Visitor: 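Got a structure for you, questions after.
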Protein chains: 2
Amino acid sequence: MSTLATSRPTQRDAYDLILEAIDVGVYKPGSRLVESELAERFGVSRTPIREALQRLETQSLLTRDGRSLIVASLDHNQMAELYVVRTQLEGLAARLAAQHSSVEEVNLLQQMVEVDRGHVLDAAALARSNKRFHKQLHLASHNRFLVQQLDLVYRSMALLATTSLAVEGRGPIALDEHQSIVTAISDRDGIAAYEAVKQHLSQAFVTRLKHDAEGQSY
Amino acid sequence: MSTLATSRPTQRDAYDLILEAIDVGVYKPGSRLVESELAERFGVSRTPIREALQRLETQSLLTRDGRSLIVASLDHNQMAELYVVRTQLEGLAARLAAQHSSVEEVNLLQQMVEVDRGHVLDAAALARSNKRFHKQLHLASHNRFLVQQLDLVYRSMALLATTSLAVEGRGPIALDEHQSIVTAISDRDGIAAYEAVKQHLSQAFVTRLKHDAEGQSY
DNA sequence: GGAGCCAATAATGTCGACACTCGCTACATC
DNA sequence: GATGTAGCGAGTGTCGACATTATTGGCTCC
């Protein structure tokens, strides 16, 4: 009997299950999602499946092709557009965090950076803790709408298969950039925090573009 | 929020019907929404109602109170938070519009301002065309994610009963501010466009706060 | 008289079945 | 050989019924 809450899902709903299936890559961008198939896979009826699909569609993770739903995909332009929006929102989060975060929240961010220095070799672990770091940054803004909008952005990014952290040598640099963000917030310097985030995401974007370009076949 | 302008009442789906009911004020913030009641009101079964409610919930227009759904409401803090996010996103839209909009799009924005000068006395008409103006501004950014995020913001604003345009004397001033935005975009001056939007929304927020304060009873 | 418990009720969550639509294939016709 | 057409099947949209769970109101007991 599994007792580790993190490993075995206790009664997760259809929404989480489908989202994870997309994350893991069972359904890739462009795949068609058939209600009855999902229902059978997860051992429930079509009703909860349909509701989960509705939610995923309103979040733009799924899109309609005729009458059926397929996993949305991001072409180059859309990815660029997404980064622009993400930068604007996450920059705002950093600025607000510099103004509104508690000392404890800043400490937590600082600790996260330091702990991560021990994981620079494990790309998967780094990707996970990177997500946590950014999420914590969002929360530190103390703005619920912003957190919500950034959640949406991050969910869309799940459609992008790889994380830029997997690229050789990106990990340590990204951590330095995280440190700059935390330092600016700790100094209560909103402008610097904004700029640090902008710089960080710009670098991440460049890394991704470079990585994608190398994968091109023509 | 009528998406189908001037159309006949063709078979709108449950989502639109509920949204309109909220807009019109049949269900006010805090009201409890009962599935069977909505189903009867609109003459459909609970299934489509449930799916509509799911969508509205994921868009944060509805919120859970225990197991049931109620129309979300925005307290003072949330309204302030919403304005911050809106300003950041709409400022970005203006900046991008200055960079990417076509001449035709700018012309359209300019026309909208001029036409609206004829409606300054009709608060309801002004509110409608104000929404259209801002929507057009969003589209001029040529960034689909941004448009989508701003759609969300505007839908949340539907929870705020009044529009600041209804306040005495706000109409003409708001139009001047719109003109400033259009001029900056026309000049391809992204910074100025950003600042003009920031100014515009700041004024709108002040107006709303003043209006709300006057409505207080203590 | 108040607190706690239990039953009745109302509302949500889930299900299987049916209706309808659209795309596909196979056949026939020109 | 190409094109139109009729039938078929897969898949979605909708429904009513049943299961499950919160809530409320009344009742008992302290």
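Here is the naming used below: chain letters follow the sequence lines, and residue numbers restart at 1 for every chain. Fair warning: this is a prediction, and the values are worked out from it, not measured in the lab.
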Visitor: Got a sec: does the CD of B:Glu40 have more than 12 other heavy atoms crowding it under 6.0 Å?
Guide: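 It does not: B:Glu40 CD has 12 such atoms or fewer within range.
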Visitor: Testing A:Val153, A:Asn77, A:Thr87 for side-chain contact (heavy atoms from CB on, under 4.5 Å) with A:Leu82, which one passes?
Guide: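 For A:Leu82, the side-chain contact (heavy atoms from CB on, under 4.5 Å) check succeeds only for A:Val153.
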Visitor: Contact class for B:Leu33 (heavy atom, under 4.0 Å): base, sugar-phosphate, or nothing?
Guide: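 If one applies the 4.0 Å heavy-atom cut-off, B:Leu33 turns out to touch the sugar-phosphate alone, with no base involved.
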Visitor: Please step through side chain to side chain donor-acceptor pair (under 3.5 Å) for the pair A:Tyr27 and A:Arg32, ending with a clear verdict.
Guide: CA-CA 8 Å; A:Tyr27 298 104; A:Arg32 183 158 169 225; over 6 Å; no
Visitor: Atom CD of A:Glu57 and atom C1' of D:dT12: how far apart are they, to the nearest Å?
Guide: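 To the nearest whole Å, that distance equals 13 Å.
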Visitor: Kindly confirm or rule out a cation-pi arrangement of B:Arg55 over B:Tyr15, judged by NZ or CZ under 6.0 Å from the six-membered ring centre and within 45° of its axis?
Guide: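 Flagged: B:Arg55 positioned over aromatic ring of B:Tyr15.
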Visitor: Return the value, rounded to whole Å, for the distance between atom CG of A:Leu62 and atom C1' of D:dT12.
Guide: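 These atoms are roughly 15 Å apart.
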Visitor: What is the distance from CD of A:Glu51 to P of D:dT12, rounded to the nearest Å?
Guide: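 After rounding, the reported distance stands at 16 Å.
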Visitor: Without swapping roles, check the side chain of B:Lys28 against the backbone of B:Gly25 for a donor-acceptor pair under 3.5 Å.
Guide: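 Judged by distance alone, yes, a pair lies under 3.5 Å.
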Visitor: Whole-Å distance between D:dG13 P and A:Ile49 CD1?
Guide: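 Between P of D:dG13 and CD1 of A:Ile49: 14 Å.
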Visitor: Pick the nucleotide of DNA chain C nearest each of B:Val34 and A:Arg46; which residue has the one closer to the 5' end?
Guide: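 Per heavy-atom nearest nucleotide, the more 5' residue is B:Val34.
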Visitor: Does the side chain of A:Leu108 reach to within under 4.5 Å of the side chain of A:Gln136, using non-hydrogen atoms?
Guide: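 A side-chain contact exists here, since the closest heavy-atom pair is under 4.5 Å.
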Visitor: Using whole Å, report how far CZ of A:Arg50 lies from C1' of D:dT14.
Guide: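 A:Arg50 atom CZ is separated from D:dT14 atom C1' by 8 Å.
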Visitor: First contact, last contact: which nucleotides of DNA chain C are these for chain B, 5' to 3', heavy-atom distance under 4.0 Å?
Guide: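 Range of nucleotides within reach of chain B: C:dA11 to C:dT14.
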Visitor: Might you work through the side chain to side chain donor-acceptor pair (under 3.5 Å) test for B:Asn130 and B:His178, ending with a clear yes or no?
Guide: CA-CA 9 Å; B:Asn130 181 59; B:His178 282 188; 3.2 Å; yes
Visitor: Does any N or O in the side chain of B:Glu177 come within less than 3.5 Å of the main-chain N or O of B:Val197, such that one atom is a donor and the other an acceptor?
Guide: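 Looks like no, no N/O pair under 3.5 Å.
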Visitor: Give me the distances for all protein-to-nucleotides 20-25 of chain D N/O pairs that come in under 3.5 Å?
Guide:
residue: D:dT21; atom: O2; partner: B:Arg67; partner atom: NH2; Å: 3.0

Visitor: Who passes side chain to side chain donor-acceptor pair (under 3.5 Å) against B:Glu105, sequence neighbours left out?
Guide: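 Partners of B:Glu105 under the side chain to side chain donor-acceptor pair (under 3.5 Å) test: B:Ser102, B:His142.
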Visitor: Please give, in whole Å, the distance from D:dT14 C1' to A:Gln54 CD?
Guide: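 For the pair A:Gln54 CD and D:dT14 C1', the rounded distance is 13 Å.
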